[in-house]
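All of these numbers come straight from a predicted model, not from anything done at the bench. Order of the sequence lines fixes the chain letters, A, B, ..., with proteins taken first and strands second; residue numbering starts at 1 for each chain.
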Protein chains: 2
Amino acid sequence: MLNDSDKQAQKQQKASLYAKVADALRHEINEGRHPVGGLLDTEAELARRFQVSRHTVREALRLLRDDGLVSSRRGSGTRVMSPLVNARDSHQVMSINDLVMFSGDTTFAIETSEVVKLSQESASLLGLEAGQEWLQISGLRYRKGESLPMGWSSYYIPHEYAHIARLIHRATGPVFVLMEDFTGYKVTEVQQKISASAMPRHLAESLQTDLSVAALMVRRTYLTEESKVLQVTLNIHPADRFQHAMTMRRVRKG
Amino acid sequence: MLNDSDKQAQKQQKASLYAKVADALRHEINEGRHPVGGLLDTEAELARRFQVSRHTVREALRLLRDDGLVSSRRGSGTRVMSPLVNARDSHQVMSINDLVMFSGDTTFAIETSEVVKLSQESASLLGLEAGQEWLQISGLRYRKGESLPMGWSSYYIPHEYAHIARLIHRATGPVFVLMEDFTGYKVTEVQQKISASAMPRHLAESLQTDLSVAALMVRRTYLTEESKVLQVTLNIHPADRFQHAMTMRRVRKG
DNA sequence: GTTCATTTGTACGTATGTATA
DNA sequence: GTATACATACGTACAAATGAA
């Protein structure tokens, strides 16, 4: 049986050069040799010190950046991040099972596609401003092979992008990916709100359900870096046909 | 005002070369030009096609890999991932607003604390096996300063750890942290299921609500690395008093 | 089972662009 | 404006894994 330092040594021996450099720097940072908030040695200095090329140093620093341990800025340098921020356990990584719902598992039967002016009521439901115009695409969503719809989906898209409506018909992946592709914006934040309510009267018939069944409402707002709303989706499900599942995992450290 | 393609073009013009290559490939994949599960062109081919160096192609592919869109294997090639798996949401970092709920914001008024044998019904609700014995701690949860309860909370803990019940009374942070501390296990995974239902008859009175109001049910299962269930919590909220909010953010690099 | 061409991974060198101080 | 430091991009070479002959 190998002890820890043996194991570590063995590990280091097999590791790539940039991984060794990264481990060395990680160790130095953890030991407090580089003050938090301070600048790390420059890439050129590190290359000299470890007797490797700058390329190798950059690959090593990339690993540390991916771990949130350091942060680099062009012209400035590479800074050691606060351990409060890095801490790896503080951010948990989740796989969002139900976003998968929007790919191959389900089909979306579009019923309406039109530009609408938001009423006070629907605006508050969507978290948008009343009176604004949005492209609204609505329809029933079915699980593959099932005849009862799993819910009613509505997409709201800024009316200036109304022309991508036709693309959504043959879309395979999530719609917001299409939106990113065609607007040039990048979604950096998704806000999700899940609530319960009574079954909306006007949907009971299409959903082939009873007004006594509760509804699960899932609203997602897709925001760009500049906080522009690129898309809002609202999904309304009969309580007995859908539940929102999610798994959070502690990130394992390298 | 710029139209879409102008904006996209402008954005592309400012972007780095490898970002442009990545965007082009992303676009091709989204359009279905590269079959899912199939091999992408080799790095050398892409370099020739885009008239860039292999280095630039590799940087572009790195972006796509980070997004989970493709996956590379030495000796084999670069494969287009299933859209079920990719969708880049696989690594998103979320701040779980509602887990905060269990700390300072709210108070928990314990009403019952006893070891129960799970009925078939409650077992299926909890995702546990019927007939097993669990410590059940239940009570009303209040927001600070409010007189109406925001919901009914139940904690289920393996009966062999029943002695930590008394600790929960004065607990400040999340209960599962206590559990980790006293069992020596570490929670590596939390499964969450959110569903809607009718208001359970036996809770309407304590919650001071009406049977006509729907209920939002949030179940969390805390698992150790060995998939041992360390804790299950079930929260039942009147639809008008609670909604589950969550924010997902793309991890920023650099 | 071995050999061999293919393909990605690692590592080096060099040069230039661009943001920062 | 100038020097510095990271970012981008070109090139080359070899290592290691893969898969087919």
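Using bins of under 30°, 30° to 60° and over 60° for the plane-to-plane angle, the ring pair B:Tyr185/B:Tyr161 lands in the perpendicular bin.
The distance from atom CG of B:Leu40 to atom P of C:dT7 is 13 Å, rounded to the nearest whole Å. Distance NE2 (A:His55) to P (D:dC6): 16 Å, rounded to an integer number of Å. Computed from coordinates, the A:Tyr18 OH to C:dA11 P distance equals 7 Å when rounded to whole Å. Residue B:Arg65 contributes atom CZ, which lies 10 Å from atom P of C:dT8 at whole-angstrom precision. In this structure, A:Leu63 places its CG atom 14 Å from P of C:dG9, rounding to the nearest Å. Counting to the nearest Å, the C1' atom of C:dA11 and the CD atom of A:Gln51 are 14 Å from each other. Straight-line distance from the CD atom of A:Glu43 to the C1' atom of C:dG17: 14 Å, rounded to whole Å. D:dC10 atom C1' lies 18 Å from atom CZ of B:Phe50, rounded to whole Å.
Between the side chain of A:Arg54 and the base of D:dA7, at least one donor-acceptor pair of N or O atoms lies under 3.5 Å.
Between A:Glu59 and B:Arg58 there is no salt bridge, since no side-chain nitrogen of the basic residue lies less than 4.0 Å from a carboxylate oxygen of the acidic one.
Environment of CD in B:Glu28: crowded, with over 12 heavy atoms of neighbouring residues, nucleotides or ligands closer than 6.0 Å.
In the helix from C:dT2-D:dA21 to C:dA21-D:dT2, the end axes, each obtained as the rotation axis mapping the C1' atoms of four pairs onto the next four within a five-pair block, lie 20° apart to the nearest 10 degrees.
For C:dG9, the OP1/OP2 oxygens have a side-chain nitrogen or oxygen of B:Arg58 closer than 4.0 Å. In this structure, B:Thr78 reaches the C:dT8 phosphate: one of its side-chain N or O atoms is under 4.0 Å from OP1 or OP2. Phosphate proximity of C:dT20 to A:Arg73: present, with a side-chain N or O under 4.0 Å from OP1 or OP2.
Each of A:Ala19 and A:Gly75 has a nearest nucleotide on DNA chain C; the 5'-most of these lies closest to A:Ala19.
Distances were taken from every side-chain heavy atom of A:Arg74 (C-beta onward) to each of D:dC10, D:dC6, C:dA11; the shortest belongs to D:dC6.
Looking at heavy atoms from C-beta onward, A:Ile110 lies out of side-chain contact with A:Tyr155 at the 4.5 angstrom threshold. The closest side-chain heavy-atom distance from A:Leu230 to A:Phe176 is not below 4.5 Å.
Listed for the A:His237 side chain is no donor-acceptor partner under 3.5 Å among the backbone atoms of A:Phe242.
Here the straight-line distance linking atom CG of A:Leu223 with atom CD of A:Gln191 works out to 5.0 Å at 0.5 Å rounding.
Within the nucleic acid shown, B:Ser53 comes within 4.0 Å of at least one base atom, counting heavy atoms only.
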